[in-house]
Amino acid sequence: MSIPPTLITPGLAGAPTDVDVVVVGLGVTGAGVALDAASRGLRVLAVDAHDLAFGTSRFSSKLVHGGLRYLASGQVGIAHESAVERGILMDVTAPHLTRPLPSLIPLAPSVSRPMGLLAGAGFLGGDLLRRAARTSADTLPRPRRLSAAETRRLAPPLRTHGLRGGLLGWDGQLEDDARLVTAIARTAAQQGAAVHTHARVLSATGSSVELRDELTGATLQVACRSVINAAGVWAGDLVDDVRLRPSRGTHLVLRAEALPRLSVAVFAPIPGETNRFVLVLPQPDGQFYVGLTDEPVDGPVPDVAEPTEVEIGFLLDVVSASFARPLHRSDVVGAFAGLRPLLDTSSGGEDASGGGTADLSRKHAVLTSPDGVVTIVGGKLTTYRRMAEDAVDAAILASGLRTGPCVTARLPLAGAAPREALAEDAARAGHPGRARLVRRYGADAGLALAAAVEASGWAEDDLLAPIVPDCPTIPTVWVELFFGITHEGAADAADLLDRRTRIGLVPADRELAVPAAERALEVVAAHR
């Protein structure tokens, strides 16, 4: 049986010139908008100047938050919305890409008893949000207090002097944020959306856009009934009257040996703060992410934000206070930073907190410009689906398009299947490479392998082998590269290493993997 080609296309080849909706930006929100509009029966063209998940959406904490932080700051509505959307992701749309993550607050001497009581109340409040969102305890267990012995057993690297115990809560974790965006974009394409990467918007009104193919330089004029601007921190480049206050969130990447035998997330308290922590987050491939910061960003918005040494030092200092072995700069094998597209709602351009962004609302906003462009800004990864729904509703209202209601709350993403069934599939896989495919593609693991066989002509065993032999820090298998090209629109090595896989988060690993990415591209080109 022939494997159908991808509907995610690098460049503008085959792009339609007359559609109902043009979506600008293919981060999580833009991909969600494309899916929402296409699943309502609208003709959709979705474009990005770079690639799927090129911007903020690949630089998150890889968490599906239940809104605990927002509850602590009194933003009850946002907290409830986050909990509801978390439940939809974990139980309906993406159980294959999400998992429950145990999270521990150690009650160390630096955590005063009043602070511990406040943190415990926060976990209980988070559990109330879970119940209000109708997420079962089977998906996310209830929080509980731990003894000092239980805390040490769950987190052996912790500093034990003066440890009184711990608080254990649960939240959602993603397999990978960029993989979520890719699954949304694939689902949008399956619903009929034309999804084109490496296609830059040169100009836009509410009824037309001019595009440039970044691979060939060709331009294209597209007529439409509505334009939805989901360009994130770059939204103001398309619409002049959108004012944003970007903030930078930095994470560090550590190897497994930096924090041996740690399998739970740890909340390390920030000195002088009552409800802010630095998170130590275990990842599926053995790494840890440590984050995150919240720093205002001034001036032009870069394509890719860079962490500063000051932020790196701050994160290391805070985390080291909670562990027996202090972390050093040499433990950091990678670092990444994302820019949050926070809406500036102040009259004078500065927020009431004195210029910082940590306390700005994460609530999203839908804005319609005088020429009819609908812009969606703010929000966060967890609530992408609701943001997309609101943006499409606004576009329908402004343009007079006739269509059905939103269906994305009950529309599984590509590869979705019950978590229990996927666990059984992985257990029966009989090969670590096959089990890895189940973890990363869910029910589409077989499709990914079949597509790779057809695209390469290689044997299955060769395709299930790691792309860099004898390198345990790069568990990526060849199937992932080939499927990234054939079905996920990867155009070059950067698309493959930095977004379809996340090898690029560790520069030393990326350098080792470049030859494999280039070989996969060559093999597919030759077979085509």
Side-chain angles (χ1 to χ4, degrees), residues 59-66 68-69 72 99-111 115-116 119 122-123 126 143 146 148 150-177 249-271 273 275-294 307 311-338 358 381 473 502 505-506:
F59 294 132
S60 76
S61 298
K62 285 67 176 165
L63 295 177
V64 184
H65 280 302
L68 185 58
R69 176 178 175 182
R99 63 182 64 85
L101 175 69
S103 304
L104 174 68
I105 299 179
L107 298 177
S110 59
V111 179
M115 187 178 177
F123 272 5
L146 303 177
E150 288 176 307
T151 303
R152 290 193 297 268
R153 190 162 54 248
L154 274 178
L158 282 176
R159 188 187 299 270
T160 58
H161 177 72
L163 186 67
R164 306 190 304 273
L167 301 171
L168 182 67
W170 295 80
D171 214 339
Q173 183 180 36
L174 285 168
E175 167 69 23
D176 174 27
D177 46 11
T250 289
H251 292 81
L252 313 180
V253 184
L254 312 178
R255 298 283 196 208
E257 55 267 25
L259 296 167
R261 296 185 294 145
L262 180 64
S263 59
V264 299
V266 172
F267 286 41
I270 297 175
E273 301 280 353
N275 63 353
R276 290 188 63 209
F277 301 84
V278 169
L279 309 185
V280 180
L281 303 167
Q283 300 302 306
D285 285 333
Q287 298 171 338
F288 293 96
Y289 297 156
V290 174
L292 73 166
T293 60
D294 201 326
E311 290 173 296
I312 293 172
F314 164 77
L315 293 172
L316 289 174
D317 288 345
V318 171
V319 170
S320 291
S322 292
F323 289 91
R325 173 190 174 272
L327 297 175
H328 303 289
R329 186 63 176 83
S330 58
D331 292 312
V332 179
V333 296
F336 58 92
L381 182 145
T473 64
R502 306 313 301 277
L505 291 177
V506 179

Do side-chain atoms of Q173 reach the backbone of P282 as a donor and acceptor pair under 3.5 angstrom?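 The answer is yes, because a donor-acceptor pair under 3.5 Å joins these two groups.
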With a 3.5 Å distance limit and no angle check, can you tell me whether S61 reaches the backbone of L63 through a side-chain donor-acceptor pair?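 Between the backbone of L63 and the side chain of S61 there is no qualifying donor-acceptor contact (under 3.5 Å).
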Interatomic distance, [X] atom [atom1] to [Y] atom [atom2] [nearest 0.5 angstrom]:
{"X": "L107", "Y": "L167", "atom1": "CG", "atom2": "CG", "result": "4.5 Å"}
{"X": "L292", "Y": "S60", "atom1": "CG", "atom2": "OG", "result": "9.0 Å"}
{"X": "L327", "Y": "L315", "atom1": "CG", "atom2": "CG", "result": "10.5 Å"}
{"X": "L281", "Y": "H251", "atom1": "CG", "atom2": "NE2", "result": "6.5 Å"}

Take V264 and V280 through the test side-chain contact (heavy atoms from CB on, under 4.5 Å) and record every step on the way to the result. CA-CA 8 Å; V264 299; V280 180; over 6 Å; no
Please enumerate all residues that pass side-chain contact (heavy atoms from CB on, under 4.5 Å) together with [X], with sequence neighbours excluded.
{"X": "A337", "result": "R248, T250, A305, P307"}
{"X": "S103", "result": "L101, A265, F267"}
{"X": "T160", "result": "R152"}
{"X": "P284", "result": "R99, E175, R439"}

Does F288 have any ring-ring contact (aromatic ring centres under 6.0 Å, His included) partners at least two apart in sequence or in another chain, and if so, which?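 So F288 forms no ring-ring contact (aromatic ring centres under 6.0 Å, His included) with any residue.
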With sequence neighbours left out, what residues match F123 under ring-ring contact (aromatic ring centres under 6.0 Å, His included)?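 Partners of F123 by the ring-ring contact (aromatic ring centres under 6.0 Å, His included) criterion come out as none, since no residue qualifies.
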Could you pull out the closest heavy-atom pair between [X] and [Y], with the gap in Å?
{"X": "G166", "Y": "L104", "value": "CA-CD1, 4.1 Å"}
{"X": "V111", "Y": "P106", "value": "CG2-O, 3.6 Å"}
{"X": "A335", "Y": "I312", "value": "CB-CD1, 4.3 Å"}
{"X": "P269", "Y": "V318", "value": "O-CG1, 3.5 Å"}
{"X": "P102", "Y": "L168", "value": "CB-CD1, 4.0 Å"}
{"X": "A119", "Y": "I105", "value": "CB-CD1, 3.8 Å"}

Determine which pairs satisfy salt bridge (charged side-chain N to carboxylate O under 4.0 Å, His left out) with at least one residue from [range], sequence neighbours left out, and list them in order.
{"range": "residues 314-337", "answer": "E309-R329, R325-D331"}
{"range": "residues 250-266", "answer": "R255-D509"}
{"range": "residues 161-172", "answer": "R86-D171"}

I'd like to check [X] versus [Y] (side-chain heavy atoms, cut-off strictly below 4.5 Å). Are they in contact?
{"X": "V506", "Y": "Q287", "value": "yes"}
{"X": "V332", "Y": "V253", "value": "no"}
{"X": "F314", "Y": "T293", "value": "yes"}
{"X": "F323", "Y": "R159", "value": "no"}

Between L279, V290, L254, which is the residue that forms a side chain to side chain contact (heavy atoms under 4.5 Å, CB included) with V319?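 So the option named by the test is V290.
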Should the heavy atoms of other residues, nucleotides or ligands under 6.0 Å from NE2 of H161 be counted, would the total exceed 12?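 Open: at most 12 neighbouring heavy atoms sit under 6.0 Å from NE2 of H161.
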Are D285 and R502 close enough for a salt bridge, meaning some N to O gap below 4.0 Å?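 No.
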Check side-chain hydrogen bond (donor to acceptor under 3.5 Å, both in side chains) between T151 and all other residues, then give those that pass, not counting sequence neighbours.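 Per chain and number, T151 pairs via side-chain hydrogen bond (donor to acceptor under 3.5 Å, both in side chains) with no residue.
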